[in-house]
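In what follows, a structure is listed as structure tokens, so that the remarks can point back to it.
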Amino acid sequence: PTEKGTTSYFGGGTPPFTGGTTGGSTSMIGGVGRGISMVSLTPSWTIPPDARSRYNLLFNTNDKSRSGFLSGDEARKIFMKYNMDRDTLKKIWDLSDIDKDGRLSTEEFSIAMFLIEKSLKGIQPPLTLPSELQPKKEAPNSPLSNFEDKRKENFEQGRAELERRRRLLQEREEKEKKEKERKMREEEERKRQEEMKANAARQAELEKQRRKAMEIEKERERAMQMAALQREA
């Protein structure tokens with residue numbers, strides 16, 4: 001039986017990250033000389049604070065629905081930009097989708113991006129998720145040494161939340177600006193229509209007066225002709 005998250009994203013038909021490679025991946029993935037690791041030392045699996053900040057910003061930029069998650073398709077579009085082979089991307093997805101729900105939270109996305117950047121440096125994804133990348137469980141009595149880590153984590157979360165609010169405010173301001181411009185255009189069009197109607201009414205009135213003046217002139221000429229005939233008679 002397959003795991004729930006794997007089936008929802010990679011199961012059925014041709015999975016998004018299986019078979020072949022994408023352009024440029026052979027030189028970046030798998031190390032030099034096909035299979036020979038570029039890094040012999042044991043790599044560190046701790047995500048640096050500055051990297052986590054970048055990942056959070058990238059996550060918030062692509063979380064259009066503001067749901068706090070990226071779907072498989074949304075994450076795939078980001079990962080495919082790194083021109084990595086699909087097998088490696090599938091391993092990274094399986095490792096980072098910790099709860100196997102077919103989507104990535106902020107923390108899971110950070111893990112995936114961290115493993116992608118490691119792979120681009122020639123460090124292949126581990127077989128299992130390292131303890132440093134496992135979700136942290138708070139101990140009943142946390143030592144003081146964890147205070148700085150917690151402070152940094154809160155700082156990054158706060159910065160990510162500020163960025164999210166900034167984007168929301170920007171979107172609202174743009175929406176209000178477009179609505180204001182639309183109302184201004186409608187008001188200008190209304191005034192233009194009213195001015196056209198007023199001009200048409202003035203022209204109609206002038207035409208009416210001109211015709212009335214012509215009728216009066218014709219009536220005066222007929223009266224003069226009648227008077228002349230009567231004098232001749």
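Just so you know, these numbers use all the heavy atoms, side chains as well, and skip hydrogens, waters and symmetry mates.
The shortest distance between side-chain heavy atoms of F114 and P48 falls below 4.5 Å. Contact annotation: the side chain of K183 never approaches that of E187 to less than 4.5 Å [non-hydrogen atoms, C-beta and beyond]. Considering only heavy atoms from C-beta on, E161 comes within 4.5 Å of R165 through its side chain.
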T61 and R167: CA distance, side-chain angles, deciding distance, side-chain contact (heavy atoms from CB on, under 4.5 Å) verdict: CA-CA 8 Å; T61 301; R167 287 181 58 83; 4.3 Å; yes

Chi angles and distances behind the side-chain contact (heavy atoms from CB on, under 4.5 Å) call for E107, R52: CA-CA 9 Å; E107 180 64 25; R52 187 179 294 276; 2.8 Å; yes

Stepwise side-chain contact (heavy atoms from CB on, under 4.5 Å) check, E205 with Q209: CA-CA 6 Å; E205 180 63 25; Q209 293 177 2; 3.3 Å; yes

For R185 and E188, what are the C-alpha separation, side-chain angles and deciding distance, and is it a salt bridge (charged side-chain N to carboxylate O under 4.0 Å, His left out)? CA-CA 5 Å; R185 288 194 299 270; E188 290 175 356; over 6 Å; no

Run the numbers on E207 and R210 for salt bridge (charged side-chain N to carboxylate O under 4.0 Å, His left out), then give the verdict. CA-CA 5 Å; E207 180 64 17; R210 187 183 69 80; 2.6 Å; yes

Report the C-alpha separation of L115 and T88 in whole Å, then their side-chain angles, then the decisive distance to 0.1 Å, and conclude whether the side-chain contact (heavy atoms from CB on, under 4.5 Å) test is met. CA-CA 10 Å; L115 293 177; T88 302; over 6 Å; no

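By the 4.0 Å N-to-carboxylate-O rule, D50 lies too far from R54 to be salt-bridged with it. Salt-bridge check for R190 with E194: passed, with a basic side-chain N closer than 4.0 Å to an acidic carboxylate O.
Distance alone, capped at 3.5 Å, places no donor-acceptor pair between the K90 side chain and the D85 backbone. Between the side chain of S110 and the backbone N or O of T106 there is at least one donor-acceptor pair closer than 3.5 Å. The backbone N or O of A160 lies less than 3.5 Å from a partner atom in the side chain of N60, making a donor-acceptor pair. For E108 (side chain) and I98 (main-chain N/O), a donor-acceptor pair under 3.5 Å exists by modelled atom type.
Cluster membership for I111 and L57, using ILVMFWY side-chain heavy atoms within less than 4.5 angstrom, is not shared. There is a path of hydrophobic side-chain contacts, each under 4.5 Å, that joins Y55 to L129. Residues I116 and W45 share a single hydrophobic cluster, defined by chaining ILVMFWY side chains whose heavy atoms lie under 4.5 Å apart. Following chains of ILVMFWY side-chain contacts shorter than 4.5 Å, one can reach M80 starting from W93, so the two form part of one hydrophobic cluster. Tracing side-chain contacts under 4.5 Å through hydrophobic residues (I, L, V, M, F, W, Y), one reaches F79 starting from L120; they form part of the same cluster.
To the nearest 0.5 Å, atom CD of residue E195 and atom NZ of residue K191 are 10.5 Å apart. To the nearest 0.5 Å, atoms OG1 (T128) and CG (D94) are separated by 13.0 Å. In this structure, the separation between CD on E74 and NZ on K64 is 9.0 Å, given to the nearest 0.5 Å. Atom-to-atom distance recorded for K118:NZ and I47:CD1 is 10.0 Å, nearest 0.5 angstrom. Annotation: the span from I92 atom CD1 to D87 atom CG amounts to 11.0 Å, rounded to 0.5 Å. Residue F59 holds its CZ atom at 6.5 Å from OG of S105, rounded to the nearest 0.5 Å.
Every residue two or more places apart in sequence or in another chain that forms a side-chain hydrogen bond (donor to acceptor under 3.5 Å, both in side chains) with E163 is listed here: R166.
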All N/O donor-acceptor pairs, side-chain side in residues 221-233, below 3.5 Å, sequence neighbours left out:
unit_1, atom_1, unit_2, atom_2, d
R222, NH2, E219, OE1, 2.4

Scan the side chains in residues 173-181 for donor-acceptor partners under 3.5 Å anywhere in the protein, sequence neighbours excluded, and list what turns up.
unit_1, atom_1, unit_2, atom_2, d
E179, OE1, R182, NE, 3.3
E179, OE2, R182, NH2, 2.4

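Under a cut-off of 6.0 angstrom, the local environment of CG in L127 is sparse, with at most 12 non-hydrogen atoms contributed by other residues, nucleotides or ligands.
Screening D63, N62, N56, L70 against F109 for a side chain to side chain contact (heavy atoms under 4.5 Å, CB included) leaves a single residue, L70.
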